[in-house]
*Asks:* 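Starting off with a structure, shown below.
Along the sequence shown, the residues carry numbers beginning at 1. Order of listing sets the numbers, starting from 1, for every ligand and every atom in it. Since this is a predicted model, take the numbers as computed values, not measurements.
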Amino acid sequence: MKRRKFISTTAAYGTGIILGSSLFANSSVHDIVKLTIIHTNDVHSRVEPFPDDGSRNANRGGAARRSTLINNIRQTEKNVLLFDSGDLIQGTPYFNFFGGEVEIKLMNQMRYDACTIGNHDFDNGLDGLVRMIDRANFPFLISNYEWNDDIIQSKTKTHQIFDIEGIKIGVFGLGVEMEGLVPDKLYQNTVYTNPIEQANLTATQLRDEYMCNYVVCLSHLGYKYKNDKVSDLVLAAESKNIDLILGGHTHTFMKKPEVLINKENQAVIVNQVGFAGLLLGRLDIIFEKNKHKCVSCENIQL
Ligand SMILES: [Zn+2]
């Protein structure tokens, strides 16, 4: 394939990960907007680094180190969005003693822009989840759970749209099926709906109704399974109108994001950054008119 054809094909796909592309070389600076998306998943109450005990993760991670890195990125990049894909809590005594208060305060200080809900975020029941949401300065996005309880229904949102210098970034959340995974007394009347159908409905609404230039799914479905359970890889292949899936739940340490093709032959990027805040995912996306391109991506060790 000739270079020109190759470039225009990836531009149509929109999310081809290509370093050093000359696609935007002739555009005026004002037409170009750069967005840096950074993300975590399954931090599981890891406020402090792992203990210095000679184990594999000794001295790694911790909120202070993550915060420093995020602040450094914010100092060099104008447009930054920070997301988490669920399971904020459970795993250290910080959760057992303070019920998620410490984790949410730290996320507020780091200026998270949105998160989705993981199965462990129900570990103190719906009341515990509501207390976390009430403390957060950022929305909890979930499109495939519903409650007939007005309190929690009104405190969550299906999606959020961020305006980045006129570029509209639509973000929505997807949760895992909790039956058999979470005691039903914890999730109570939470109704789970098919994530693929819901994702396609929400993403299409974001793209066509709200005219979003880029659609991000915060998913707690898991990266992939040996059986036919819905995962991020299944979702990516069956989806339409999603550009980026930031995953969680399976604690998968991906070296770099993966690019899949959806059912409309468009590229979908899938990424997940392990657990416990040991990695921070970073994707730099350039928007030019109606095109966008992920120009670099890395999962940074902490
Ligand atoms: Zn988890």
*Asks:* Can you check whether Lys240's main-chain N or O pairs, donor with acceptor, with Asn200's side chain at less than 3.5 Å?
*Replies:* yes
*Asks:* May I have all residue pairs that pass side-chain hydrogen bond (donor to acceptor under 3.5 Å, both in side chains) and include part of residues 62-76, sequence neighbours excluded?
*Replies:* Arg66-Tyr112
*Asks:* Ignoring hydrogens and geometry, is there a side-chain-to-backbone donor-acceptor pair from His249 to Leu221 under 3.5 Å?
*Replies:* no
*Asks:* Between Phe50 and Arg46, is there a cation-pi geometry (under 6.0 Å to ring centre, at most 45° from the normal)?
*Replies:* yes
*Asks:* Taking everything shown except Arg111 itself, do over 12 heavy atoms lie less than 6.0 Å from its CZ?
*Replies:* no
*Asks:* By residue and atom, what protein N/O/S atoms are less than 2.8 Å from the Zn ion (ligand 1)?
*Replies:* Asp42 OD1, His44 NE2, Asp87 OD2, His251 NE2
*Asks:* Could you check whether any side-chain N or O of Asp42 sits under 3.5 Å from a backbone N or O of His44, counting only pairs where one atom can act as donor and the other as acceptor?
*Replies:* no
